[in-house]
Q: 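Mind having a look at this structure? Questions to follow.
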Amino acid sequence: MSKRTLSRIAWYAVLVVVIVLALAPIAWMLTTSLKPESEIISTGIQWIPQTFTLEHFQSILNRYPMAQWTLNSLIVSTAATLLVLLLDSLAGYAFARMQFRGRGILFTIILSMLFVPIQITVVPLFILFSRMGLTDTYWAMILPAGANVTGVFLMRQFFLSVPAELEEAARIDGASSLRIWWSVVLPLARPALTAVAILTFLSTWNSFFWPLIVTRTDAARTLPVGIAQFLSLRPGMVQGQQSIGQSMAGAALAAFLPIIVFVVLQRYFIEGIARSGIKG
Amino acid sequence: MAVLPQTARRAAGIKDGARTTARATPYLFVLPYILVFLLFRLGPSLAGLGISLTNWQAVGSPQWVGLRNFEAMLLRDTVFGVALRNTLVFSVITVPVLLVMGLMLALFLNQRMRGRAVGRVAVFTPYVVMSTVVGVVWTWILDKDFGLLNAYTGVATPWLVSERFALAGIILATVWWTVGYNMVLFLAGLQDIPEELYEAARIDGANTVNAFRFVTLPMLAPTMFVVLMLTIINSFQIFDQVYVMTSGGPGTATLTLVQYIYTQSFQYQKFGYGSAIAVVLFLILVVVAIFQTRAYRRGLEGVS
Amino acid sequence: MRKPILAILIVVLSVLLSVGVGLAQEPVTLEFWGGWTGPDGTIMQELVDEYNAANPGVQVNLSVQQWSPLFDQFIAAGSAQQAPDIMSMHPQEIAQFVELGLIEPVTELVATSEVYTEDAYLPKAWELQFYNDTMYGLPFDLGVHGVYYNVDLFEAAGIEEFPTNQEEMLEAMRLLTLDADGNHPGDEGFDPENIVQYAINMHTNHHAFYQWYALYNQLGGELLSEDGTQCVMDTDKATQAWQWLQDLVYVHYAAPQGQTDYARDFLTGRTAMLVDGPWQIPAMEAAAEESGFNWATAGYPTIFDEPATWGSGHTFTLPVYGDPDKREAAVDFIEWLGSNSLGWLASGQLPVRHDVIESEGYGELVGRDAFVETLQYQELLPNIPKFNEIFAANAPSPMNVMGQRIILENADIRTEVEAACSAITGILSIP
């Protein structure tokens, strides 16, 4: 065998190991969720259940409104993403292309918030939303997500990197700034918008600390909070019987949607995330 | 960069006719964001800073205590010291591991081989699973008696139920969850390196190792900087997995700064004290960022 | 030309406001908050549904989430002078919320109520609702630690009577602990590395210090000074109580080290006994029905001098900032819950009303009696304003840290007890 073939084989061997390690925990979650409880705690490693059962999925769906939590998460994440796209493409465009007093200082203040842990804002936000009577609503999660910093930064970086000729042309044709932004700039900014959309969606979808504090009922409770509050396997977190099968079934249900979406749209995901790092 | 906006402004000024509109336009563009930013980010941050100087249980009027929260935290609160230490240990281990593993995976999956796309998707998949799900799943995988990991190693390691191993358990789960993110950032950096540079290096007789050292690494420095910064910021703010897997226990073995903020503010309802810890965390992050930026600049000077 | 700015401002503000005001209501809606995240939450929801169906003019909305975030919301709402109409809590948490000015006395309600009368309730349940000689809570249930045991395993070990003192307990536990070769601890060739059946569970969470608190009370120990300003733990007694628990794991091999799922281990026969609260009863009933699991209950054993067992319970309180117009409806609902509490017993929680205990429906339930009989020995953690900082579960509170270090790390008991005590005094000394 040639050296080339050998190194190919080695490469594929490593690839298999990498894939297995990356996916094993997810596979184990799925396997466990499909086993009867007695089989779950039998010693020895059973990757394929001896008896398949959907009982855990049935009981978890009976007991907890997982569909409602998922819907809440979807609504909040989608609304937050749209809000961020709107606000950040406007602001990012202005910061990159327009000259105005206070631009530098404003942008510096915004960027500096990257280092402010959101935990410092949680208490005042909590009081603010309580006073507005908006705790336990979608708004309480959507609005703070709109104040995201990376989106503005990424949009600005993007607009700095593209030439302004098209905009100039439109301006000479007499279009207003808002019109230029809408019909010339935004279509151009598709890659950056995709990146910001994916990042925002992922971070809102995954957001836990703030929704944990601000939601109270199933009407607003998002998926991460529902999972942590009702399916935790940590002893003492949920009083009463803890069923591993049920927790894994819930986890599998929560993981299913994003994994499917990711696999279908993986090209956009990976490009989108990649873009967030390039122009540091 | 400076030329374009000015032309733009002049063009806008001429075409719109009204000078005031032209001057107001930029503000109109930033206003919606700034409003939301002020109300839900900057405002609350400053208010948090204010609360850190008070003794406040959210009900009744806050009692001004000056820097006494900070004094108590730094001089008397041994638990704060433990939380700080745990956070540092967690970061000192996690950050290099995530950096090196992310880079290695990126180099590996950047080879022109069939199947690398599958590898990239697999490595990134954990990151799209939400952190609390990761916590629940890993609690099960790390179960002392029936967990998958101990079944394979054959040793009943008390992962989450001992002070020695609990943090390691959290680190394992975190690395698995986030390494794909770093990999993707590195992949992007690698793809930005012009192929000619490698060709030039090859003509100069450089082998793979040398090409990596003299082409890849220096060209990757900006990406490295970003990834390092992001990883550090995230590591210092670890919370979700800890909350779900251990709540900071056993004892204080996995108590991190953010978990401690949660404990003080939201389990003990000591909002002033909790905010004070958050302020300290902010200061730490700023110091780290300054040091890192300096090191980075010096590194750039060294290269050029 | 400020118009566009103004327009945007107005739009943003009006969106904010309209959402805040848009809580339209036709029937009276009552907000009812509780922390029942286990199967008990489902049962409470069923009760609420039943009430809503019977009272079309009232709509009770039950909010369930873990107690700690629930209390945070209660406090934050209070800072905005808002509150649910009925707030649930544990009796030992009353002091905090009284001191925060968030709940009000129920004296007037009790003076006129036909449901909440002193003679209808177990004396213990009634007296726990007082703080500074004023009644703030309406009792709903109680829970104490007791022992579940596996009848088949007891028979196999030849134990006929459930052990009642330290000596009998030790001997029973020896007989119930088996290695793979069927040897008991103390037998020749017993292999502690290869135990297949343990006698009893050992909590590795906050219930470890709950158990300790009962044992410490069995020794007559006091935790806090009369005025609640310092820790007065008797180091010898505290050590003795912990020693019993620690030795079960590290000396007698009667309990597994680093246990995580107590109920599971008991139901699978890995442990022959389970110390826990009555909320495990539904799981036992389900296992008995499904696989004929043969279980019984006993009161928490008296290991030392006097009987004592850790306990808690659920209590309804009336928030100060509840809507005064809805107070009447709220009271009607709590009274309904109080007089229809039989349904709640499916959650395992223990009845506190004489008429429920004497009812036929209660007589048909199994496993409760052993718990109910020990209610009189129930020891609640001290009802003090700084309760959370000292006793919080799932937090690095001094008591929790002490318990986990002693049980999981086999740490030196005296050192841990002294450390916890000085931490507690430190907390109490801050005004």
Side-chain angles (χ1 to χ4, degrees), chain B residues 18 20-21 23-25 27-28 31-32 35-36 39 55-60 63 72 76-79 82-83 139-140 142-147 156-166 243 246-255 259-260 262-271 273, chain C residues 1-2 4-5 8-9 11-13 16 68-69 71-72 75-81 96-97 99-102 193 204-206 256-261 264-265 270 386-390 392-398 400-409 411 416 419 423 426-427 430-431:
Chain B
T20 35
T21 316
R23 203 179 280 167
T25 310
Y27 295 106
L28 279 183
L31 186 72
L35 265 182
V36 173
L39 215 66
N55 189 354
W56 195 34
Q57 292 202 295
V59 190
Q63 195 190 347
R76 286 189 297 276
D77 187 353
T78 50
V79 182
V82 172
T139 310
W140 168 227
L142 297 174
D143 188 272
K144 182 185 163 215
D145 300 312
F146 302 100
T157 310
W159 286 107
L160 300 177
V161 283
S162 70
E163 291 180 355
R164 256 176 75 200
F165 294 101
Y243 178 91
T246 60
S247 307
T252 50
T254 57
L255 185 73
Q259 177 75 30
Y260 196 44
Y262 175 78
T263 293
Q264 287 290 348
S265 288
F266 296 104
Q267 291 185 298
Y268 299 168
Q269 283 88 30
K270 288 172 74 179
F271 293 120
Y273 198 76
Chain C
M1 290 283 282
R2 286 244 194 80
I5 310 182
I8 294 176
L9 248 173
V11 168
V12 171
L13 284 177
L16 287 178
S68 175
F71 290 147
D72 294 329
I75 290 169
S79 89
Q81 311 217 332
Q96 299 177 68
F97 293 106
E99 294 295 334
L100 285 173
L102 291 179
E193 297 296 308
T204 53
N205 58 15
H206 47 279
Q257 200 277 339
Q259 200 183 2
T260 52
D261 197 335
R264 175 188 76 199
D265 286 351
R270 186 163 177 252
K386 293 198 173 183
F387 180 86
N388 281 337
E389 281 179 68
I390 296 173
N394 302 316
S397 55
N400 215 9
V401 170
M402 166 172 71
Q404 291 192 316
R405 290 203 40 88
I406 290 170
I407 297 301
L408 284 172
E409 307 296 326
E416 295 304 323
I427 290 165
I430 298 167

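The structure displayed is predicted, hence computed values, not measured ones.
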Q: With a 4.5 angstrom heavy-atom cut-off, which part of C:Ile430 approaches chain B: side chain, backbone, both or neither?
A: neither
Q: Mind checking what makes ring pair (Phe, Tyr, Trp, His ring centres under 6.0 Å) contact with B:Trp56, not counting sequence neighbours?
A: none
Q: By a 4.5 Å heavy-atom criterion (distance strictly below it), what part of C:Gln257 contacts chain B: side chain, backbone, both, or neither?
A: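 For C:Gln257, backbone and side chain are both near chain B.
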Q: Measure the spacing between OH of B:Tyr273 and CD of C:Glu389 and express it to the nearest 0.5 Å.
A: 10.0 Å
Q: Closest heavy-atom contact between C:Ser68 and B:Tyr262?
A: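 Heavy-atom minimum between the residues: OG-OH, 4.1 Å.
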Q: State the OG1-CD distance between B:Thr252 and C:Gln404, to the nearest 0.5 angstrom.
A: 9.5 Å
Q: What part of C:Asn400 gets closer than 4.5 Å to chain B, counting heavy atoms only: side chain, backbone, both or neither?
A: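 Contact with chain B is absent: no heavy atom of C:Asn400 under 4.5 Å.
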Q: Based on non-hydrogen pairs under 4.5 Å, which of B:Glu163, B:Gln269, B:Gln57 is most in contact with chain C?
A: B:Glu163
Q: Nearest 0.5 Å, please: how far is CG in C:Leu408 from CZ in B:Arg164?
A: 13.5 Å
Q: Could you measure the distance from the CG atom of C:Asp265 to the CZ atom of B:Phe146? Nearest 0.5 Å is fine.
A: 6.0 Å
Q: Where do B:Tyr268 and C:Asn388 come nearest, in terms of heavy atoms and distance?
A: CE2-O, 3.3 Å
Q: Have B:Asp143 and C:Thr260 got a donor and an acceptor in their side chains that come within less than 3.5 Å?
A: yes
Q: Who are the side-chain hydrogen bond (donor to acceptor under 3.5 Å, both in side chains) partners of B:Thr263, not counting sequence neighbours?
A: B:Gln267
Q: Could you report the tightest heavy-atom contact between B:Gly251 and C:Pro396, atom names first, then the distance?
A: O-CB, 4.2 Å
Q: Mind checking the CG-CH2 spacing from C:Asp261 to B:Trp140? Nearest 0.5 Å is all I need.
A: 9.5 Å
Q: For C:Ala392, is it the side chain, the backbone, both or neither that has a heavy atom under 4.5 Å from a heavy atom of chain B?
A: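 The side chain, not the backbone.
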